[in-house]
Amino acid sequence: MNAIENPAFRAFVAEIKTELVLAQVLIRRSGESFELRHVEDRNCAPENLRLIAEKEIRPLTQFTANGAFRPLKSAPNLQTGWCIKILDETSLEFALNQIYPGAIADWFAVKFSSAAPTNYRHFTNRQTGMYRITTMLTDEQAAPMIRACCHKKFCLKQRLWSIKGLPPDSPEEKSRIPCLEPCAILLEFGRKVMRLEQQNFIATEENESTKSGGETTGDIREADFDNPRNPRRSQLTIEREKWNEENKAASKDRNEQNG
């Protein structure tokens, strides 16, 4: 048996009894060996799945089934139809790190240590250059932006960092992979949103939404936020409306209590 030197991975393996789901990956255990497959392929017969070798794992995670590049490995668009046979725990660690880089270390840091999420303000205040503009978003502007960018349609990490007035993600909505600070895609999206705010965001988005019928196309790159039909921009319009309605309801409740 190969010794496990990584304490984080040792703790993670201890969590696997018969099977365990990590975002979109189903891990099944049989003695000292394991099998990985997409969770949507849970009930597929092995002969109906493509057997993946270790050297094929990373290429599998690089692109969607339609051939689009996956800049965010925690996005819920991992290809289906494959199976990986794992002979030992060392190979399991390698495979999971290929599919979800850093996920196990972050999980361990949250579960067994005092890892603290970084608040949006603390994180953006450290930014320089083109991302410095993200500090200009008010809490009321940043909260819908965060909810849109980190929506479960786009990322399966459980967002633990936040901003005033916006609670972290609930564990039931996402996965056991934690998110401890804003990612590069969030910063890029925040930068675009601030530019839209400066250019009369509401009129721009509503006009574009009307032109496109509120639909998005599959040929739009995930991080192409200049494209008004980008899915996150469409989601942002929804989140802004929800945020305004929630604040109106909260304000009404406070007035009634004070009255």
task = Using the rule that two of Ile, Leu, Val, Met, Phe, Trp, Tyr join whenever any of their side-chain heavy atoms come within less than 4.5 Å, decide whether I52 and L26 are in one cluster.
result = no
Nearest heavy atoms of W107 and A8, plus distance in Å = CZ3-O, 3.9 Å
ask   = If you measure from the Lys or Arg side-chain nitrogens to the Asp or Glu carboxylate oxygens, is any gap between E246 and R147 under 4.0 Å?
value = yes
query = Between V21 and R176, which heavy-atom pair has the shortest distance, and what is it?
reply = O-NE, 3.1 Å
query = Cut-off 3.5 Å, side chains only: do E54 and S91 have a donor facing an acceptor?
reply = yes
message = Strictly distance-based, threshold 3.5 Å: is any side-chain N or O of N119 a donor or acceptor partner for the main-chain N or O of W161?
response = no
task = Please tell me if the side chains of L137 and Y120 come closer than 4.5 Å, counting only heavy atoms from C-beta onward.
result = yes
query = Looking at R37 and P46, what are the two nearest heavy atoms and their distance?
reply = NH2-CG, 4.2 Å
ask   = Would you find a donor on one side and an acceptor on the other, under 3.5 Å apart, between the side chain of R70 and the backbone of A75?
value = yes
key: Side-chain donor/acceptor of R221 to backbone N/O of F69, under 3.5 Å   = no
note = Shortest non-hydrogen pair, P178 vs L160, comes out as CB-CD1, 3.8 Å
key: K152 atom NZ, neighbour heavy-atom count above 12 within 6.0 Å   = no
query = Looking at R240 and E197, does any basic side-chain N land under 4.0 Å from a carboxylate oxygen?
reply = yes
ask   = Looking at side-chain heavy atoms only, is the closest gap between L92 and L36 below 4.5 Å?
value = yes
ask   = When rounded to the nearest 0.5 angstrom, what is the spacing between CZ in F189 and CG in L236?
value = 4.5 Å
key: Same apolar cluster (I L V M F W Y, side chains within < 4.5 Å links), I16/I104   = yes
remark   = Nearest heavy-atom approach of R126 to T118 is NH1-CG2, 3.9 Å
query = Any side-chain donor-acceptor pair under 3.5 Å between Q235 and R232?
reply = no
message = Side chains of Q127 and T135, heavy atoms from C-beta outward: is any pair under 4.5 Å?
response = no
query = Should E245 and K242 count as an ion pair when the cut-off is N to O under 4.0 Å?
reply = no
inquiry  = Taking A53's backbone N and O only, do any of them form a donor-acceptor pair with E56's side chain (distance below 3.5 Å, no angle check)?
reply    = yes
inquiry  = If we ignore hydrogens and angles and just use 3.5 Å, is the side chain of D169 paired with the main-chain N or O of R159 as donor and acceptor?
reply    = yes
message = Looking at Y100 and Q24, would you say the former's side chain and the latter's main chain have a donor-acceptor pair under 3.5 Å?
response = yes
key: Hydrophobic cluster membership, L20 vs F112, 4.5 Å side-chain cutoff   = yes
key: Any N48 side-chain heavy atom under 4.5 Å of D41 side chain   = no
task = Give the cluster check for I27 versus W82: same hydrophobic cluster or not, with ILVMFWY residues linked at side-chain heavy-atom distances below 4.5 Å.
result = yes
message = Closer than 3.5 angstrom, by distance alone: can the side chain of R233 be matched with the main-chain N or O of D226 as a donor-acceptor pair?
response = yes
ask   = Hey, quick one: are F123 and I146 part of the same hydrophobic cluster, counting side-chain heavy atoms closer than 4.5 Å, chains of contacts allowed?
value = no
key: I99 side chain near L22 side chain, heavy-atom distance below 4.5 Å   = no
request  = Report the C-alpha distance between D139 and K164 in whole Å, list the side-chain angles of each, state the deciding distance to 0.1 Å, and finish with yes or no for salt bridge (charged side-chain N to carboxylate O under 4.0 Å, His left out).
outcome  = CA-CA 6 Å; D139 291 348; K164 183 179 179 181; 5.2 Å; no
Side-chain donor/acceptor of R29 to backbone N/O of V13, under 3.5 Å = yes
message = Working note: Q98 + T61, criterion side-chain contact (heavy atoms from CB on, under 4.5 Å); need CA distance, chi angles, decisive distance, verdict.
response = CA-CA 8 Å; Q98 294 293 302; T61 68; 5.5 Å; no
inquiry  = Has S175 got a side-chain atom pairing as donor or acceptor with L156's backbone, closer than 3.5 angstrom?
reply    = yes
Whether K174 side chain and K157 backbone form a donor-acceptor pair below 3.5 Å = yes
ask   = Around atom CZ of R132, are there more than 12 heavy atoms of other residues, nucleotides or ligands at under 6.0 Å?
value = yes
